[in-house]
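Take a look at the structure set out below.
Each chain gets a letter, A, B and so on, in the order its sequence line appears, and its residues count up from 1.
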Protein chains: 2
Amino acid sequence: MKRRAVANPLALAVLCGLLLEPMHPYEMGRRLKETGKDRNIKYNRGSLYMVVEQLGKAGFIAEQETVRDTARPERTVYALTDSGRAELYDWMRELVARPEHEYPRFGVALSLLGVLAPDEAAALLGERLTALDREAADIRADTAAAKEQGVLWVFLIEEDYRLALLEAEHRFVTALIDSLKAPEYARAWRAVFEEGET
Amino acid sequence: MKRRAVANPLALAVLCGLLLEPMHPYEMGRRLKETGKDRNIKYNRGSLYMVVEQLGKAGFIAEQETVRDTARPERTVYALTDSGRAELYDWMRELVARPEHEYPRFGVALSLLGVLAPDEAAALLGERLTALDREAADIRADTAAAKEQGVLWVFLIEEDYRLALLEAEHRFVTALIDSLKAPEYARAWRAVFEEGET
DNA sequence: GGGGTCATGTAATAGGTTACATGATTCT
DNA sequence: AGAATCATGTAACCTATTACATGACCCC
């Protein structure tokens, strides 16, 4: 199966934006930040111009006109092509229906947790718990505020998802701390990692 | 706060590997795959040689000797330096104690879910559920097998973590499907996305 | 003894991030 | 008026991934 011509998620956001109406790159970026989608789609201007160029080459979007507003730099307005629209839907379908293997940072930490002494690991995980709490509180506050403003729930599910993951991680870490504190583990750990050292 | 000289998680795995004993890059890679750590730390040979070079430049590891085994290509054996050991612990501590903002693929999908018609979205999410089940089953089978072989639980927690996330996502998706099926949503969606089109 | 694949690296390319540049607008 | 910030893009630099290369061993 051949890869997508443009793989960066930011490109998907661009296609999605252009579904509504043609616009110039900077405007896409502005909306991304404005609607908070940049919390779930990594955004930076450099990459944006890059993917716009790539999308152009792939024929998914096309320059529509070049406006010179006097004053501002010349802005090129892009529009979605038919094949771009097709790509958008195809990509979305894949993203929704098929989980992809990912590499969360915490998974890395856990893979190598063995190198830390049990009590230190437990303490650090304690710190993580409070950080997780803070994050969750932030998300709850943000979405509550947005709901008050009348934003539809569909436009907030990403944050609900984040919350669900956060809560799951919280439970997991809590349990893990307990396991680490079991004295048999401390003994086993010392046996493995401090063989000749003490 | 200045970034780490080498940021790729693969580098952390290298430092960790060299903590046990000096070795040459290919060997590090072999062990990574062998111990299954490559499920949580993205591995490919090109990147490996890259990070080894970077780690060398940063002074975290040093060439120890160059063995010519006749036959095989010349292999360079690396060893951890003191500053490398320090970096390893510092990095691990940060990784464990501080959650980082991440961009899971499914979050992207959810951010843009609105573009899909409600019933199609629900159907696709149904597909995802079965995929999630399959993944979870695989992980359970793998860890059960490993435990039988006598692997310590600490070396399997990454997979437990994955499972926890997978289960949380499963619950989330299940609930989401229900919400999408509510007829008010279908009506609202059509109002927004098909204004003049029908 | 020719066709895989193991072991080991290097080099070419593509992708993404940071830094730089510049005119307009707004704040104090 | 000078400082900060917005609006907009380009270019330089790093990082990561793919492709290429090569000699051994292993299998029928």
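R45(B) contributes a side-chain N or O that forms a donor-acceptor pair with the base of dT8(C) under 3.5 Å.
Judged by the 6.0 Å and 45° rule, R128(B) forms a cation-pi pair with F106(B).
Using a cutoff of 4.0 Å between basic side-chain nitrogens and carboxylate oxygens, R162(B) and E158(B) are not scored as salt-bridged.
The CD1-P distance, from I41(A) to dG16(C), rounds to 14 Å in whole Å. The OH atom of Y49(B) sits 10 Å away from the C1' atom of dT10(C) (whole-angstrom rounding). Atom pair L55(B):CG and dA16(D):C1' shows a separation of 15 Å (rounding to whole Å applied). One interatomic measurement links the two molecules: NZ of K57(A) to C1' of dG15(C), which rounds to 12 Å at whole-angstrom precision. In this entry the distance linking CE of M28(B) with P of dA7(C) reads 16 Å, nearest Å. In this structure, R75(B) places its CZ atom 11 Å from P of dA7(C), rounding to the nearest Å. Look at CG on L48(B): it is 15 Å from P on dT18(D), rounded to the nearest Å. Between the OH atom of Y43(B) and the P atom of dT15(D) there is a distance of 20 Å, rounded to whole Å.
Comparing dG15(C), dT8(D), dT17(D) by their nearest atom to the side chain of M50(A) picks out dG15(C). Checked against dT17(D), dG9(C), dG16(C), the side chain of S47(B) finds its nearest nucleotide in dT17(D). Listed candidates were dG15(C), dA16(D), dT8(D). Nearest to the side chain of H24(A) is dT8(D).
Rounded to the nearest 0.5 angstrom, R105(B) CZ and L110(B) CG are separated by 13.5 Å. Atoms CG and CD, from L166(B) and E135(B) in turn, are 5.0 Å apart once rounded to the nearest 0.5 Å.
N8(B) has a side-chain polar atom (N or O) that falls below the 4.0 Å cut-off from OP1 or OP2 of dA16(D).
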